[in-house]
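A short worksheet on the structure shown next.
None of these values were measured; they are calculated from a predicted model.
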Amino acid sequence: PMAQRRNALVGAGYVIAAVNDIGLAYAVDEGRTTTTRIESFPNLAGTYAEEVRLTIDFRHIDAARFEAMKRDVHAAIAASAQKANVEIETAEGWSWGTELFAPECIDLLRETAKELGLPYREMRSQAGHDAYAVATMAPTAMIFTPCHDGINHNVNENIELVRSVPGATLLLNAAVARANR
């Protein structure tokens, strides 16, 4: 009977919707959420799911707001489990990007761009770039160059040489200036 079913895909659906709502609630101050992957087992037509694996991604630039989001996500998972009459286990959790970039490196990039007459815009990135790992060991900053049509972190990402040369020029000149300090 419907009322006694324990359909894991329904539970995952509730989690997906709740995670999206959490992202919208935190978006005003740079919070982000998404569900990036879902796997259903046995994944057969006419058979409801016994197990679902779901990947949730949530980010915030402020550590306290990140912790608040984390609490909200865990509460949403518990509520979704109850509503769907399923058990939900958080199998894995990890985070990155908590290391701040070195102000002296950011200043150097800003000053070098001005000296070279290159247009720039300071941005915060919440994406999991390798630079976050490097920042745990050495002074670090990042340079972004625009992708075609603004599409990035996507299989359709495409960078044009004419748009990447200014970033490479900035990197080269900043690296030389830092080495010569």
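- Between Asp57 and Thr35 there is no side-chain heavy-atom pair separated by less than 4.5 Å.
- Counting heavy-atom neighbours within 6.0 Å of Glu39 CD, excluding the residue itself, gives a total above 12.
- Summarising the geometry, atom OG1 belonging to Thr34 is positioned 9.0 Å from atom CZ belonging to Arg59; distances are rounded to the nearest 0.5 Å.
- Contact check for Glu122 versus Ile106: side-chain heavy atoms found under the 4.5 Å cut-off.
- The main-chain N or O of Arg178 is found under 3.5 Å from a side-chain atom of Arg181 such that the two form a donor-acceptor pair.
- In this structure, CD on Glu89 lies 11.0 Å from CD1 on Ile77, to the nearest 0.5 angstrom.
- Both Leu9 and Val86 belong to a common hydrophobic cluster when Ile, Leu, Val, Met, Phe, Trp and Tyr are linked at side-chain heavy-atom distances under 4.5 angstrom.
- Remark: the backbone N or O of Ala138 is paired with a side-chain donor or acceptor of Thr140 at under 3.5 angstrom.
- Note: Glu111 CD to Asn173 CG = 13.5 Å, rounded to the nearest 0.5 Å.
- Remark: Tyr14 OH to Ile88 CD1 distance equals 11.0 Å, nearest 0.5 Å.
- Across Ser80 and Gly11, no two heavy atoms sit closer than the pair CB-O, 3.9 Å.
- By the 4.5 Å heavy-atom criterion applied to side chains, Val73 and Ile22 are counted as neighbours.
- Between Arg53 and Phe41, the closest side-chain pair of non-hydrogen atoms falls below 4.5 Å.
- You'll find the side chain of Val15 reaches within 4.5 Å of the side chain of Leu54, heavy atoms only.
- When side chains are defined from C-beta on, Ile38 counts as touching Ile16, because their heavy atoms get closer than 4.5 Å.
- Side-chain contact, His148 with Asn156: no donor N or O sits under 3.5 Å from an acceptor N or O.
- Between Leu108 and Ala177, the closest heavy-atom pair is CD1-CB, 4.0 Å.
- Judged as a salt bridge (charged side-chain N to carboxylate O under 4.0 Å, His left out), not a single pair has a partner in residues 146-167 (not counting sequence neighbours).
- Summarising the geometry of Ala49 relative to Pro42, their closest heavy-atom pair is CA-CD, 4.3 Å, with the distance given to 0.1 Å.
- Although no hydrogens or angles enter the test, the distance criterion places a donor-acceptor pair under 3.5 Å between the side chain of Thr33 and the main chain of Val19.
- Remark: the backbone N or O of Asn85 is paired with a side-chain donor or acceptor of Arg6 at under 3.5 angstrom.
- Remark: His74 NE2 to Met69 CE distance equals 11.5 Å, nearest 0.5 Å.
- Criterion: ILVMFWY side-chain heavy atoms under 4.5 Å apart, direct or through other members. Under it, Leu171 and Leu118 are part of a common hydrophobic cluster.
- Nearest heavy atom pair, residue Ala174 against residue Thr112, reads N-CG2, 3.9 Å.
- Between Leu172 and Thr169 there is no side-chain heavy-atom pair separated by less than 4.5 Å.
- Contact check on Asp72 versus Lys70 returns no salt bridge, with no Lys/Arg side-chain nitrogen under 4.0 Å from an Asp/Glu carboxylate oxygen.
- With a 4.5 Å cut-off on side-chain heavy atoms, Lys114 and Tyr120 count as touching.
- When hydrophobic clusters are built by joining Ile, Leu, Val, Met, Phe, Trp and Tyr residues whose side-chain heavy atoms come closer than 4.5 Å, directly or via intermediates, Ile143 is grouped together with Leu116.
- Aromatic ring pairs are classed by plane angle as parallel below 30°, tilted from 30° to 60° and perpendicular above 60°; the pair Phe58 and Phe66 is parallel.
- Checking side-chain atoms of Thr145 against main-chain N and O of Ser164 turns up no donor-acceptor pair under 3.5 Å.
- Comment: Arg65 does not engage Glu67 in a salt bridge, judged by the lack of any side-chain N to carboxylate O separation of less than 4.0 angstrom.
- Phe101 and Phe144 fall within the same hydrophobic cluster, where Ile, Leu, Val, Met, Phe, Trp and Tyr residues are linked whenever their side-chain heavy atoms come under 4.5 Å apart, directly or through other members.
- Residues passing the side-chain hydrogen bond (donor to acceptor under 3.5 Å, both in side chains) test with Asn7, sequence neighbours excluded: none.
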